[in-house]
Amino acid sequence: MRNSTRSAVDPFIVMDVMQAASAAEEAGRHIIHMEVGQPGTGAPKGAAAALAKAMGEGALGYTVALGLPALRARIAQMYGEWYNVDLDPARVVITPGSSGGFLLAFTALFDSGDRVGIGAPGYPSYRQILRALGMQPVDLPAAPENRYQPVAADFAGEDLRGLLVASPANPSGTMLDRLALTALTEACAANDMSFISDEIYHGIEYDKKAVTALEVTDDCYVINSFSKYFSMTGWRVGWMVVPEDQVRVVERIAQNMFICAPHASQIAALAAMDCDDELQANLAVYRRNRDLMITGLQEAGFTDIAPPDGAFYVYADVSGFTDDSRAFAAEILEKAGVAVTPGLDFDPARGHKTLRFSYARSTADMEEGIARLKAFMAAR
């Protein structure tokens, strides 16, 4: 069959790395996974218990497109608890993961051919979703001195219809503070650009709380998910916060694209929001892993790294060792039994000189992986 030009999106390289790692495991090797941004823990126990109870009480069917009212209200309550933001639950939209949120946001805000700025390095699926929708992603090379986060000067004169930022960021783990977020939102407003804030890693911060864009403006789309802090990747449930006049716009699209997010996942998500002790215990593991990873990578020779404020990644410049990060990652997998992600996923122009290391798995795995990396680098 003939394919559309929109379908010609790039592969998600980290998934290819996962496949290679899986093949190695099937061949009998023990692989340490530092490639994928997936918590090593499952959904909170309270979430599973709540779903089991609901399934015993009756069938689960469609919900309204905007999501369960109780879940929307609980998310709005969280914004008061975490950020002291008074949020109307009517502005909260439950989505099939953050990916569903991006589809809704891009469809609601942009027309075919519109140019949308994304920071590079950044999550690769932003670029591919925009392309699949017939829009033009515009990579904005973020400077190391700006901690790999975009600044207004990066998109001056680019004729953009929108800007998408992430804080904490993937792959760098760096965050935008209130001053930086304010400067970006004001620059977007001055240029009639829509502003989208990806806040999927909120809750996974170490030295200071992440700032939500809702603290500085209501004229934005905020996208989040239960995948990371709430450890529910496979449940495919997330949320958006949109301006009041955008709710019906998004609702109409959601009704037709998705009908609704999975009912079962929404029930589990609601319960997960009150599992604080378990979630904070997970965060303590990530904090320990971060310290091990930063020290261990530096001892292995990976000294040029972005200091991660949040999420569970370290982004390293490896130009002193290679100019082909994909081949380097393959060599590390083959010789050290450690799966890592080439930077090409996140920055097509400069990613051939970078790697991303994830420390989302158990501390024991991180210790073993670091030991293997040290041995690999010493033998090179």
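Contact record, Gly40 with Arg361: CA-CD, 3.9 Å, taken as the closest heavy-atom pair. Minimum heavy-atom separation, Leu133 to Ser112: O-OG, 3.9 Å. A pairwise comparison of heavy atoms in Gly122 and Pro171 identifies N-CD, 4.0 Å as the closest pair.
Residue Met257 qualifies as enclosed at atom CE: its count of foreign heavy atoms under 6.0 Å is above 12. With a 6.0 Å radius and a threshold of 12 heavy atoms from other residues, nucleotides or ligands, Lys209 has its NZ atom above the threshold. Heavy atoms of other residues, nucleotides or ligands lying less than 6.0 angstrom from CG of Asp245 number more than 12. Taking a 6.0 Å sphere around CD of Glu244, one finds it holds 12 or fewer heavy atoms contributed by other residues, nucleotides or ligands. Counting heavy atoms of neighbouring residues, nucleotides and ligands inside a 6.0 Å radius, atom CD of Gln19 does not exceed 12 of them.
Residue Met240 holds its CE atom at 5.5 Å from OH of Tyr221, rounded to the nearest 0.5 Å. To the nearest 0.5 Å, atoms CE (Met34) and CG (Leu333) are separated by 12.5 Å. Note that CE of Met193 is 10.5 Å distant from CZ of Arg115, once rounded to the nearest 0.5 Å. Between Leu87 atom CG and Ile75 atom CD1 the span is 9.5 Å, to the nearest 0.5 Å. Separation of atoms CZ (Arg372) and CD1 (Ile370) is listed at 12.5 Å; rounding is to 0.5 Å. The CD atom of Gln149 sits 10.0 Å away from the CG atom of Asp177 when rounded to the nearest 0.5 Å.
Side-chain atoms of Ser225 come within 3.5 Å of backbone atoms of Ser227 as a donor-acceptor pair (strictly under, hydrogens ignored). Arg287 contributes no side-chain N or O that, together with a main-chain N or O of Asn282, makes up a donor-acceptor pair within less than 3.5 Å. In terms of modelled atom types and a separation under 3.5 Å, the side chain of Asp154 and the main chain of Pro150 share no donor-acceptor contact. Without hydrogens or angle criteria, Thr174 side chain to Tyr148 main chain gives no donor-acceptor distance under 3.5 Å. No donor-acceptor distance shorter than 3.5 angstrom exists from the side chain of Tyr359 to the backbone of Arg288, with no hydrogens or angles considered. Not one N or O on the side chain of Asp139 forms a donor-acceptor pair closer than 3.5 Å with the backbone of Pro141. A donor-acceptor pair is defined here as one N or O able to donate and one able to accept, closer than 3.5 Å; no such pair exists between the side chain of Ser98 and the backbone of Gly101. Although no hydrogens or angles enter the test, the distance criterion places no donor-acceptor pair under 3.5 Å between the side chain of Arg161 and the main chain of Asp114. Not a single donor-acceptor pair under 3.5 Å links the side chain of Asp365 to the backbone N or O of Ile32.
Ion pairing between Arg91 and Asp218 holds under the 4.0 Å rule for side-chain N and carboxylate O. In summary, Asp309 and Lys208 do not engage in a salt bridge, as defined by a charged side-chain N under 4.0 Å from a carboxylate O. Using a cut-off of 4.0 Å between Lys/Arg side-chain N and Asp/Glu carboxylate O, Arg290 and Asp207 are scored as salt-bridged. For the pair Arg74 and Asp274, the salt-bridge criterion is met [side-chain N within less than 4.0 Å of a carboxylate O]. Salt bridge status for Glu57 with Lys53: present, with a side-chain N to carboxylate O gap under 4.0 Å. A salt bridge does not link Arg127 to Asp345: none of the charged side-chain nitrogens sits closer than 4.0 Å to a carboxylate oxygen. With respect to the salt-bridge test (charged N to carboxylate O, under 4.0 angstrom), the residues Glu331 and Arg380 qualify. Note on Asp10 versus Arg131: salt bridge recorded, some NZ/NE/NH1/NH2 to OD/OE distance being below 4.0 Å.
Using cut-offs of 30° and 60° on the angle between ring planes, the pair Tyr229 and Trp82 is perpendicular. Between Phe102 and Phe106, the ring planes lie parallel to each other; the angle is under 30°, not in the 30° to 60° tilted range. Aromatic ring orientation, Phe302 versus Phe321: perpendicular (interplanar angle above 60°, classes split at 30° and 60°).
Ring centroids of Tyr83 and His202 are separated by less than 6.0 Å, placing the two rings close together.
Looking at heavy atoms from C-beta onward, Leu283 lies in side-chain contact with Gln280 at the 4.5 angstrom threshold. Leu292 is listed as a side-chain neighbour of Glu367, based on a closest heavy-atom distance under 4.5 Å. Put simply, the side chain of Leu51 reaches to within 4.5 Å of the side chain of Leu60, judged on heavy atoms. Side chains of Thr295 and Asp291 form no contact here, defined as non-hydrogen atoms less than 4.5 Å apart. Put simply, the side chain of Ile94 does not reach to within 4.5 Å of the side chain of Leu66, judged on heavy atoms. The closest side-chain heavy-atom distance from Pro96 to Val237 is not below 4.5 Å. Looking at Leu68 and His263, their side chains come closer than 4.5 Å, going by heavy atoms from C-beta outward.
Under 3.5 Å, the side chains of Thr41 and Ser231 contain a donor-acceptor pair of N or O atoms. Using a 3.5 Å distance cut-off with no hydrogens or angles, the side chains of Thr341 and Glu35 do not pair a donor with an acceptor. Residues Thr303 and Gln298 have side chains that never bring a donor and an acceptor to within less than 3.5 angstrom of each other. Tyr126 and Asp198 are linked by a side-chain donor-acceptor pair at a separation below 3.5 angstrom, with hydrogens and angles left out of the test. The closest side-chain donor-acceptor pair between Arg356 and Asn170 falls under 3.5 angstrom. At a cut-off of 3.5 Å, with distance as the only test, a side-chain donor of Thr354 or Tyr315 sits close to an acceptor on the other residue. Under the 3.5 Å distance criterion, with hydrogens and angles disregarded, a donor-acceptor pair is assigned to the side chains of Thr63 and Gln266.
Contacts of Asp219 classified as salt bridge (charged side-chain N to carboxylate O under 4.0 Å, His left out), with partners at least two apart in sequence or in another chain: none. Residues forming a side chain to side chain contact (heavy atoms under 4.5 Å, CB included) with Arg248 (at least two apart in sequence, or on another chain): Glu251, Arg252, Gln255.
Hydrophobic clustering of Ile, Leu, Val, Met, Phe, Trp and Tyr side chains at less than 4.5 Å, counting indirect connections, unites Met18 with Phe12.
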Exercise for review: Kindly indicate, with the supporting measurements, whether the criterion side-chain contact (heavy atoms from CB on, under 4.5 Å) is fulfilled by Met78 and Met273.
Suggested key: CA-CA 8 Å; Met78 186 194 75; Met273 299 190 76; 3.7 Å; yes
Practice item. Starting from the C-alpha separation in whole Å, work towards a yes-or-no answer on side-chain contact (heavy atoms from CB on, under 4.5 Å) for Phe357 and Ile305. Key: CA-CA 10 Å; Phe357 301 83; Ile305 62 176; over 6 Å; no
Exercise for review: Verify salt bridge (charged side-chain N to carboxylate O under 4.0 Å, His left out) between Asp16 and Arg326, making sure each step is shown before the conclusion.
Suggested key: CA-CA 11 Å; Asp16 292 340; Arg326 194 163 191 168; 3.4 Å; yes
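Screening Tyr286, Tyr201, Phe346 against Tyr313 for a ring pair (Phe, Tyr, Trp, His ring centres under 6.0 Å) leaves a single residue, Tyr201. Val165 pairs with exactly one of Ile118, Ile196, Leu140, Leu176 by the side-chain contact (heavy atoms from CB on, under 4.5 Å) rule, that one being Leu176.
Side-chain heavy-atom separations under 4.5 angstrom define the hydrophobic clusters, and the remaining members of the one that includes Ile259 are Tyr62.
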